[in-house]
Protein chains: 2
Amino acid sequence: MSKAAKRKRSPTSRASAKRETSGKGARTLNRDTIIAAALAEIDLVGLDNFSLRNLAKALGVFPTAVSWYVAGRSQLLAEVAHKVLEDIIPPGFHDSWQGYLREFLQRFRQAIRAHPNVAPLIGTQLVANPAVDLDFVERLLAALAHAGLSGVNLVSAYNAVIAAAVGFTTQEFAPVPAEGTSAWQAEIRTRLQNVSSTRYPQLAKNMKLLGNKAFTLRWQNGTDAPLDSSFTSFVDIFISGLEQFAGRE
Amino acid sequence: MSKAAKRKRSPTSRASAKRETSGKGARTLNRDTIIAAALAEIDLVGLDNFSLRNLAKALGVFPTAVSWYVAGRSQLLAEVAHKVLEDIIPPGFHDSWQGYLREFLQRFRQAIRAHPNVAPLIGTQLVANPAVDLDFVERLLAALAHAGLSGVNLVSAYNAVIAAAVGFTTQEFAPVPAEGTSAWQAEIRTRLQNVSSTRYPQLAKNMKLLGNKAFTLRWQNGTDAPLDSSFTSFVDIFISGLEQFAGRE
DNA sequence: ACCTGAACACCGTTCAAGT
DNA sequence: ACCTGAACACCGTTCAAGT
């Protein structure tokens, strides 16, 4: 229904058939180069300031050259998100299933930590990627099957793992408002410090532990103030919950 | 550094001092009206097609009239996200702490289910809201304190709850690519159906249970294909994990 | 096949002007 | 205080043209 629906027979379909680094000119532009450059650009200027035109400028080509390889902005962003997550599959299944999940969750976090500016894309783009890495899904399912899960419970547990990975990490590295940064940084701080201990006893009691360390009470994101111990606890909580869930079978 | 940084003495600061529905003209425009209209517009056309100019048109004013009340696009979106989540605090603390958390997570999901188009904003905008609802945080902390948690573990558990809520729900209702919808819908289906049972045994075995029901293997989002039972299991897993975590103290 | 080049319809934001 | 109105610098995408 939208304007994107009326696209037709775009030449974007399949581009990287052969490579031909053989003789003369040596094609400089290709799909992977563009995606890599897009990621670098996003790392540099942030998601809000990223544009296809600036990307083209960085690549030294016309804006329309990019769209010969990539169907549009949103598809490019999907590819970028995919690239960031390309190495999250733990190598082998040496350990226990708990160890496998633990390593997966840590790898997921590290992947986003390395490119925090793409964090907002992760939750959005992981919906249904046509280029889903089936190996990734298979291995995760295998680990959960090792835990004794099968059928609908296996599927539920799989969804739970993805939800857990996405939830903590996208939150932790979500961009901080660019506006009057130091202005509301101070506002949150003082607001927390002056909180009424009769009306908000728990907040008052744990004020120092909460400041800049609890979601919605932070003034920096995971890049500047990582939540390492919270993440470790989160993984512990989640995995021990899965153990119980699997044991119930 | 960015262009937003050079804003100065904008008249946007404080707008709704008095209301004056008294006599003659009856101010038609105000902050709440704008936020409500923005949410309605996003519900209607989606986040990608939402623009301040169309919003202004819907309100019957000039684009620049809107920015007298709202500092900019991103701030408006933050307010919209905040509005969607305004009723997620469970009313009383009647039940057990487990019951409280369960209700909170369900309310969170229902809130986003009612406005799925804002789902991508939730993870992003919940970072550090200057207008954080302290009552919300206090009640959540109180529930977790009831579980026997305190100190750093209390903070970790709080973060875990937020992460869990955000993770599942934003995923479940994340927008589906608008491109050649039915094209890749079919692609995912057939790809899943033709999966090699030797290379991907778990995928092959659970093919029917996974199709359109597992993250990254869906071709619809939660609006068309809700993941009710997966969500229930997720909540079970998480809460029983929290029980263990609290018992370890 | 791959890229240039111009053009289109749109966008958020600024700045001056009205009342 | 609140809104109009014009203008600015930018954006993604389309379409024709080159090689």
Side-chain angles (χ1 to χ4, degrees), chain A residues 2-31 33-34 38 41 45-78 178-179, chain B residues 2-31 33-34 38 41 45-78 178-179:
Chain A
S2 77
K3 57 187 89 162
K6 6 182 144 133
R7 187 175 304 123
K8 34 193 150 164
R9 32 108 250 165
S10 83
T12 314
S13 47
R14 207 52 55 192
S16 52
K18 40 187 175 181
R19 193 49 46 89
E20 289 267 31
T21 329
S22 54
K24 42 194 175 176
R27 283 273 78 73
T28 159
L29 210 60
N30 62 58
R31 202 155 210 272
T33 309
I34 290 174
E41 184 77 5
V45 303
L47 207 53
D48 290 337
N49 297 324
F50 171 78
S51 74
L52 294 181
R53 293 181 106 104
N54 280 339
L55 172 62
K57 191 173 292 179
L59 285 166
V61 297
F62 271 62
T64 41
V66 172
S67 62
W68 199 90
Y69 296 92
V70 187
R73 178 190 162 87
S74 67
Q75 191 182 102
L76 175 58
L77 293 181
E179 323 286 308
Chain B
S2 79
K3 57 186 90 161
K6 13 181 138 133
R7 186 175 304 123
K8 34 194 153 165
R9 32 112 248 166
S10 82
T12 313
S13 47
R14 208 51 56 192
S16 52
K18 41 188 174 180
R19 192 48 44 90
E20 286 269 28
T21 330
S22 53
K24 43 196 173 175
R27 283 270 79 73
T28 160
L29 209 59
N30 62 59
R31 202 153 210 272
T33 307
I34 290 174
E41 185 76 4
V45 302
L47 207 54
D48 289 338
N49 297 323
F50 172 77
S51 75
L52 294 180
R53 291 181 108 105
N54 280 338
L55 173 63
K57 193 174 289 178
L59 286 165
V61 297
F62 272 61
T64 39
V66 171
S67 62
W68 200 90
Y69 294 92
V70 187
R73 178 189 163 87
S74 66
Q75 191 182 102
L76 175 58
L77 293 181
E179 323 286 308

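Both backbone and side-chain heavy atoms feed into the values below; hydrogens, waters and symmetry mates do not. As the structure is a computational prediction, the values presented were derived from the model and not from experiment. Chain letters run A, B, ... following the sequence lines, proteins first, then strands; residues in each count from 1.
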Using whole Å, report how far CG of A:L47 lies from P of D:dG12. 12 Å
On a plain distance test, is the side chain of A:S51 in donor-acceptor contact with the base of D:dG12 below 3.5 Å? no
Output the rounded distance in Å from CZ (A:F62) to C1' (D:dC11). 17 Å
Identify the heavy atoms of B:L55 and B:L76 that sit nearest to each other, and give their distance. CD2-CD2, 3.7 Å
Minimal heavy-atom distance between A:E41 and A:A58, with the atoms involved, is OE1-CB, 4.0 Å
Value in whole Å for how far the P atom of C:dG12 lies from CD of B:Q75: 15 Å
Round to the nearest Å and state the distance from B:L55 atom CG to C:dC10 atom P. 17 Å
DNA chain D: B:T64 or A:P63, which has the more 5' nearest nucleotide? B:T64
Give the rounded distance in Å between these two atoms: CD1 of A:I34 and P of C:dC2. 11 Å
Find the partner of D:dA6: check Watson-Crick (N1-N3 plus N6-O4 or O6-N4) and G-U wobble (N1-O2, O6-N3) distances, both under 3.5 Å, and reply none if neither fits. C:dT14
So, OP1 or OP2 of D:dA1: does either fall under 4.0 Å of a side-chain N or O from B:Y69? no
Atom CG of A:L52 and atom P of C:dT4: how far apart are they, to the nearest Å? 15 Å
CG/A:L77 to CG/A:L52 distance, rounded to the nearest 0.5 angstrom? 8.0 Å
Expressed in angstrom and rounded to an integer, what is the separation of A:E41 atom CD from D:dC11 atom P? 10 Å
Kindly say whether B:P63 contributes a backbone atom to a donor-acceptor pair with the side chain of B:R53 at under 3.5 angstrom? no
Tell me which nucleotide, if any, is Watson-Crick or G-U wobble paired with D:dA1 when both distances must be under 3.5 Å. C:dT19
Can you check the A:N49 CG to D:dA9 P distance for me, whole Å? 18 Å
Nearest to the side chain of A:L29, heavy atoms from C-beta on, is which of D:dT4, C:dC3, D:dT13? C:dC3
When all nucleic acid strands are considered with a 4.0 Å heavy-atom cut-off, which category describes B:D48: base, sugar-phosphate, or nothing? nothing
Please classify the nucleic acid contact of A:R53 as base, sugar-phosphate, or nothing, using heavy-atom distances under 4.0 Å. base
Residue B:W68, side-chain heavy atoms: nucleotide from C:dT13, D:dC3, C:dT4 that is nearest: D:dC3
Is the phosphate of C:dC2, meaning OP1 or OP2, less than 4.0 Å from a side-chain N or O of A:N30? no
Give a yes or no answer on whether the side chain of B:Y69 reaches the backbone of B:T33 with a donor-acceptor pair at less than 3.5 Å. no
